[in-house]
There are 2 protein chains.
Amino acid sequence: MSDSYHHGNLRQALIDAGVKIINESGEGGLSLRKAAALCEVSHAAPYAHFKDKDELIEAIKASVTEQFMQKLQCAVNGAPDAESALISMGNGYVAFFLHKPDYFKFLFGNQNITAHLSTDKEYEEDYPPFKLLKDTYLRFTAEKKIKKSKTEQEMDLLKLWSSAHGLAAIACMSQVKMSFDLEKALEGGILLK
Amino acid sequence: MSDSYHHGNLRQALIDAGVKIINESGEGGLSLRKAAALCEVSHAAPYAHFKDKDELIEAIKASVTEQFMQKLQCAVNGAPDAESALISMGNGYVAFFLHKPDYFKFLFGNQNITAHLSTDKEYEEDYPPFKLLKDTYLRFTAEKKIKKSKTEQEMDLLKLWSSAHGLAAIACMSQVKMSFDLEKALEGGILLK
DNA sequence: AAAAATATCTTGACAGTGTAAAGATTGGTT
DNA sequence: AACCAATCTTTACACTGTCAAGATATTTTT
């Protein structure tokens, strides 16, 4: 808390600095030393809180993923039933990155994410957005009393996830010219017919 | 051709060295100096052929994209009609990266690709794989005598592309556990029902 | 409350990186 | 034969991640 030697909460400050740098100059502009400088701290100070540059990047990703999850959770919570929750979650998935393309590149640029398509096991270690998708999907099949084999369920999940993710990828990573407004098209149901 | 000072074909040798490095250690292991060392040339020699590291990377991407296009073109050429060409192109799209996940990360990790969804304009500058998709799709609508509005066509293209791309992304960038064989599922028609 | 242990931060150093400038070597052109 | 442009080397610099050693503050122990 004292202003001189100890920062007080350098760990979180470094994460916030990282998010700021990514918003301003993308992942390419992110360096340990710049983040440290933003926190007015020496270039080696981060090593008291992170083993690696990678470990800082992981923490920044977790922070951005929290924002992402908030948006997805909102979309799910605002839906009257599981079916429309699935749809508005997909729309929220794409819309989030449509407004923050740099976040997409940062999160998925070279990162590995853990996901278990299987629906009959523990999957607490799943990538949180995927876990939410799985839960919502299972709620959907329950509400609609849909009976599907395990493999069919897994394929449904894979299709749901990859269609939303693919649309976000194309929209964020490519210079796509189109005559329609993608955000409006989402509401119109381009994702899930 | 002489062994001493001039390399002979350093430009292509650097590109090949880059591809090799990416296959062995991913994009993270790629540096100008390592590529130069592989060609047994000084660390500044690449600057006679490439303005930037980025320019070398672009050239490497073009080389990998050629391989990719070859696979897609094969898939299209081997199909009896445009409809099955569309399907087998999508399968080839995913299968290519399923065998070379590092290529996916390298090509789409942080890169921008140009694509014009509009079907009634010149689009020679489009990303070649997308151009092939667009051509095949137009051939398909012609064969089936399908009449669609411009917007509908663009949305079809976007859906086709993003579903294949999304599936490849999920398969390559994530540690997904599934109980079925994705490659078999592709042949079974998971992509285009 | 004093002392010891720990967490946090600074300084200095090193190898690896991209890139620029200046000079050496070569092949092709006139 | 003389010149020119292309190609390559050498040298240098700023920036990066990381480590080691030491300084300072906080917490724990006695």
Side-chain angles (χ1 to χ4, degrees), chain A residues 1-63 102 105-106 109-112, chain B residues 1-63 102 105-106 109-112:
Chain A
M1 184 190 275
S2 80
D3 221 3
S4 51
Y5 209 91
H6 278 45
H7 181 281
N9 195 2
L10 182 56
R11 190 192 147 85
Q12 187 59 46
L14 285 168
I15 293 174
D16 295 343
V19 173
K20 188 176 179 189
I21 291 175
I22 286 164
N23 270 303
E24 283 167 0
S25 18
E27 186 172 10
L30 176 62
S31 80
L32 272 180
R33 293 171 107 106
K34 271 183 208 158
L38 271 186
C39 299
E40 287 173 321
V41 116
S42 89
H43 64 262
Y47 284 87
H49 302 273
F50 303 97
K51 165 181 153 288
D52 254 342
K53 186 187 185 185
D54 274 342
E55 211 171 272
L56 171 60
I57 289 183
E58 287 314 302
I60 301 175
K61 279 184 176 158
S63 169
D102 278 330
K105 300 181 191 180
F106 174 60
N110 42 23
Q111 178 53 9
N112 278 2
Chain B
M1 183 192 272
S2 81
D3 221 3
S4 50
Y5 209 91
H6 278 45
H7 182 282
N9 195 3
L10 182 55
R11 189 192 148 86
Q12 188 58 45
L14 285 168
I15 293 175
D16 295 343
V19 174
K20 187 177 180 189
I21 292 175
I22 286 164
N23 270 303
E24 283 168 0
S25 18
E27 185 171 12
L30 176 62
S31 80
L32 273 180
R33 293 169 106 107
K34 272 184 208 158
L38 271 186
C39 300
E40 288 173 319
V41 116
S42 90
H43 64 264
Y47 284 88
H49 302 274
F50 303 99
K51 165 180 153 288
D52 253 347
K53 186 187 184 184
D54 274 342
E55 211 171 274
L56 171 59
I57 289 182
E58 287 315 302
I60 300 176
K61 280 186 175 154
S63 169
D102 278 330
K105 300 181 191 180
F106 174 59
N110 42 25
Q111 178 53 9
N112 278 1

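Only this structure's heavy atoms are used, side chains among them; waters, hydrogens and symmetry mates stay out. Being a predicted model, the structure only gives us computed values, none of them experimental. Sequence lines set the chain letters: A, B, ... in the order given, protein chains first and strands last, and positions in each chain run from 1.
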- Item | A/L30 vs A/I57, side-chain contact (heavy atoms from CB on, under 4.5 Å): CA-CA, chis, key distance, verdict | CA-CA 9 Å; A/L30 176 62; A/I57 289 183; 4.2 Å; yes
- Atom-pair distance (CZ on A/R11; P on C/dA7), nearest Å: 15 Å
- Any B/F106 side-chain heavy atom under 4.5 Å of B/V19 side chain: no
- Is atom CD of B/E40 surrounded by more than 12 heavy atoms (other residues, nucleotides or ligands) closer than 6.0 Å? no
- Item | Integer-rounded Å distance: C/dT25 C1' and B/H7 NE2 | 16 Å
- Task: State which residues pass side chain to side chain contact (heavy atoms under 4.5 Å, CB included) with B/D52; sequence neighbours excluded, sorted by chain then number.
- Result: B/D54, B/E55
Polar pairs (N or O, both sides) under 3.5 Å between protein and nucleotides 15-19 of chain C?
residue	atom	partner	partner atom	Å
C/dT17	OP1	B/S31	OG	3.4
C/dG18	OP1	B/L32	N	3.0
C/dG18	OP1	B/K53	NZ	3.2
C/dG18	OP2	B/L32	N	3.1
C/dG18	OP2	B/R33	N	3.4
C/dG18	N7	B/R33	NH1	2.5
C/dG18	O6	B/R33	NH1	3.0
C/dT19	OP1	B/D52	OD1	3.2
C/dT19	OP2	B/Y47	OH	3.1
C/dT19	OP2	B/K53	N	2.9
C/dT19	O5'	B/Y47	OH	3.2
C/dT19	O4	B/R33	NH1	3.3

- Message: Without decimals, in angstroms, what is the distance between A/E55 CD and D/dT18 P?
- Response: 11 Å
- Message: Can you list everything that forms a side chain to side chain contact (heavy atoms under 4.5 Å, CB included) with A/A62? Sequence neighbours excluded, please.
- Response: none
- Item | Distance test, side-chain N/O of A/H49 to OP1/OP2 of C/dA7, below 4.0 Å | no
- Measure from the side-chain N and O atoms of A/K105 to the backbone N and O of A/E27, and report whether any donor-acceptor pair falls under 3.5 Å. no
